[in-house]
Structures are given as C-alpha cells and as structure tokens.
S.K.: 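Take this structure, written in structure tokens, and hold onto it; I'll ask about it next.
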Amino acid sequence: MRLSNRNKASVYNFVNTVLMMMVVFGVVGFLANIYRFNVLGNESYLLIIIPVSMLVLFHMNGRQIFEYDSDGEALNFKNRNIIPFLSRPLHDEFPKYKLIKYDIISIFFIKRLYITVSSKTSGSTMLKYQISYLTQREVNDLKLSLNKVVKANKEKKD
C-alpha cells in the first residue's frame, strides 16, 4: 500500500507564505503604529505576537510531507518539510519482518508515529515520524497496513 500527502505540498507552501506575509505586515503595522499613528496603544504588540505564534505553531506541528510504501518485501518511510533547510528529511527503509510494533500518539492536533524495529546490535530501534498533516482517513489506512505487517510477523514467530 502506498500513502502520500505530497500532492498537498502546494497548499502547505501557500499557508506558509500567507503566514510569512502576516508576520511582515504585522511588523510594518506595529512600527507604523508606534512611530506614526499611536492608535492601538499596548494592543499593537498583538500585531506581532499573533502572526508569529501562528507561524511557530505551523512549523512546530512537524514535517508536512509524509510518504509510506509497503509494496514488496520492504517498508519505506519518508518524512520531510516543505522548506528544505529547516530540518533534515527522514528516510528509512527496512524489511517487513523487522517491524515489531508501532504506536500512533495523538495529542490535540499533533500526531506522531513511533515504529519499533528489530536490530542486530541493540535488540530494537525506535523510529519517529511526524504525521500531523495526514487526514484521519490516511491515518486509518496507515494503521490498517501496519497492523497487517505486525500480525503477519507475529504469526511467523509462533
């Protein structure tokens, strides 16, 4: 099964651009209010605080693009940001039989995928992916696919 939200990259770029413009206009409005108009008083700080907090929230939510491929004998995970220099992209590929378990943690609007993979050296390794920008349907499809792999691995062990 293949799962990707790469086609939404243009939407995420648009949202990022709008948020950046809001920050710039907020700073310009703040400076214009302080040095010229003096209309808002202390509320003028909100012209900076609100857009900056929205931009920080957008980027703290995690990497926007998530790709998953379980076709064949390997599992392939890719997780990257729309802005390449903000964070290093994650790319992992391993055989299906190495998957031990997975957990999806959802706190408010932040979702994380934790994959536990068997390893020769340390016994097991945990891989972390940010899936906050996946829809609920995509998350359910991901769970279904990973459940199949985990179930098949448990049956092989027994």
S.K.: More than 12 heavy atoms of other residues, nucleotides or ligands under 6.0 Å from OH of Tyr97: yes or no?
M.R.: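 Not more than 12 within 6.0 Å, no.
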
S.K.: Answer yes or no: does atom CE of Met20 have more than 12 heavy-atom neighbours from other residues, nucleotides or ligands under 6.0 Å?
M.R.: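 Check fails, neighbour count at 12 or below.
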
S.K.: Any chance the side chains of Asp141 and Tyr68 put a donor and an acceptor closer than 3.5 Å?
M.R.: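 Absent: no donor and acceptor within the cut-off.
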
S.K.: Side chains of Pro95 and Glu73, heavy atoms from C-beta outward: is any pair under 4.5 Å?
M.R.: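 The answer is no; the side chains never approach within 4.5 Å.
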
S.K.: Does any part of the side chain of Ser122, heavy atoms only, come nearer than 4.5 Å to the side chain of Thr125, both counted from C-beta?
M.R.: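 Yes, close enough: below the 4.5 Å cut-off.
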
S.K.: Is the distance from the ring center of Tyr102 to that of Tyr114 below 6.0 Å?
M.R.: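 Here the rings of Tyr114 and Tyr102 have centres that are no less than 6.0 Å from each other.
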
S.K.: Would you indicate whether the side-chain heavy atoms of Ser44 and Ile34 approach each other to under 4.5 Å?
M.R.: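 Contact flag for Ile34/Ser44 side chains = yes.
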
S.K.: Just checking, any donor-acceptor pair under 3.5 angstrom between side chains of Asn16 and His59?
M.R.: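 Yes - a donor-acceptor pair under 3.5 Å links their side chains.
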
S.K.: Taking Asn81 for its side chain and Ser87 for its backbone only, find out whether a donor-acceptor pair lies under 3.5 Å.
M.R.: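 Between the backbone of Ser87 and the side chain of Asn81 there is no qualifying donor-acceptor contact (under 3.5 Å).
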
S.K.: So, Arg6 and Glu67, do they make that salt bridge, N to O below 4.0 Å?
M.R.: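 Salt bridge present between Arg6 and Glu67.
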
S.K.: Taking the six-membered ring for Trp, are Phe66 and Tyr133 closer than 6.0 Å centroid to centroid?
M.R.: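 No, too far apart.
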
S.K.: Look at the side chain of Asn153 and the backbone N and O of Lys96, then say whether any donor-acceptor pair between them is shorter than 3.5 Å.
M.R.: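 Between the backbone of Lys96 and the side chain of Asn153 there is a qualifying donor-acceptor contact (under 3.5 Å).
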
S.K.: Between Arg2 and Asp71, is any pair of side-chain heavy atoms under 4.5 Å apart?
M.R.: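 Heavy-atom side-chain distance check passes, below 4.5 Å.
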
S.K.: Does Ile48 share a hydrophobic cluster with Tyr45, counting links as ILVMFWY side-chain heavy atoms below 4.5 Å and allowing steps through other members?
M.R.: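 Yes; tracing contacts between hydrophobic side chains, which count when under 4.5 Å, links both residues.
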
S.K.: Tell me, do Leu3 and Met1 make a side-chain contact under 4.5 Å, heavy atoms counted?
M.R.: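 Yes. Closest side-chain heavy atoms under 4.5 Å.
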
S.K.: Measure the shortest side-chain to side-chain distance between Arg80 and Gln130 over non-hydrogen atoms and say whether it is less than 4.5 angstrom.
M.R.: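 A side-chain contact is absent here, since even the closest heavy-atom pair is not under 4.5 Å.
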
S.K.: Among residues at least two apart in sequence or on other chains, which ones pass side-chain contact (heavy atoms from CB on, under 4.5 Å) with Ile100?
M.R.: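 Residues passing side-chain contact (heavy atoms from CB on, under 4.5 Å) with Ile100: Thr116, Ser118, Ser124.
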
S.K.: Could you give the distance from NZ (Lys148) to NZ (Lys143), rounded to the nearest 0.5 Å?
M.R.: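 One finds 15.5 Å between NZ of Lys148 and NZ of Lys143.
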
S.K.: Enter the distance from Leu127:CG to Asp92:CG here, rounded to the nearest 0.5 Å.
M.R.: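 It comes to 4.5 Å.
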
S.K.: Between Lys8 and Glu138, does any NZ, NE, NH1 or NH2 come within less than 4.0 Å of an OD or OE carboxylate oxygen?
M.R.: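 Looking at Lys8 together with Glu138, the answer is yes, because their closest N to O distance falls below 4.0 Å.
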
S.K.: Where do Ser70 and Leu75 come nearest, in terms of heavy atoms and distance?
M.R.: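 Nearest heavy atoms, Ser70 then Leu75: CB-CD2, 3.5 Å.
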
S.K.: Does any non-hydrogen side-chain atom of Ile65 lie less than 4.5 Å from one of Tyr12?
M.R.: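 In contact.
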
S.K.: Tell me, do Arg112 and Lys128 make a side-chain contact under 4.5 Å, heavy atoms counted?
M.R.: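 The answer is no, as the side chains (C-beta and beyond) never meet within the 4.5 Å cut-off.
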
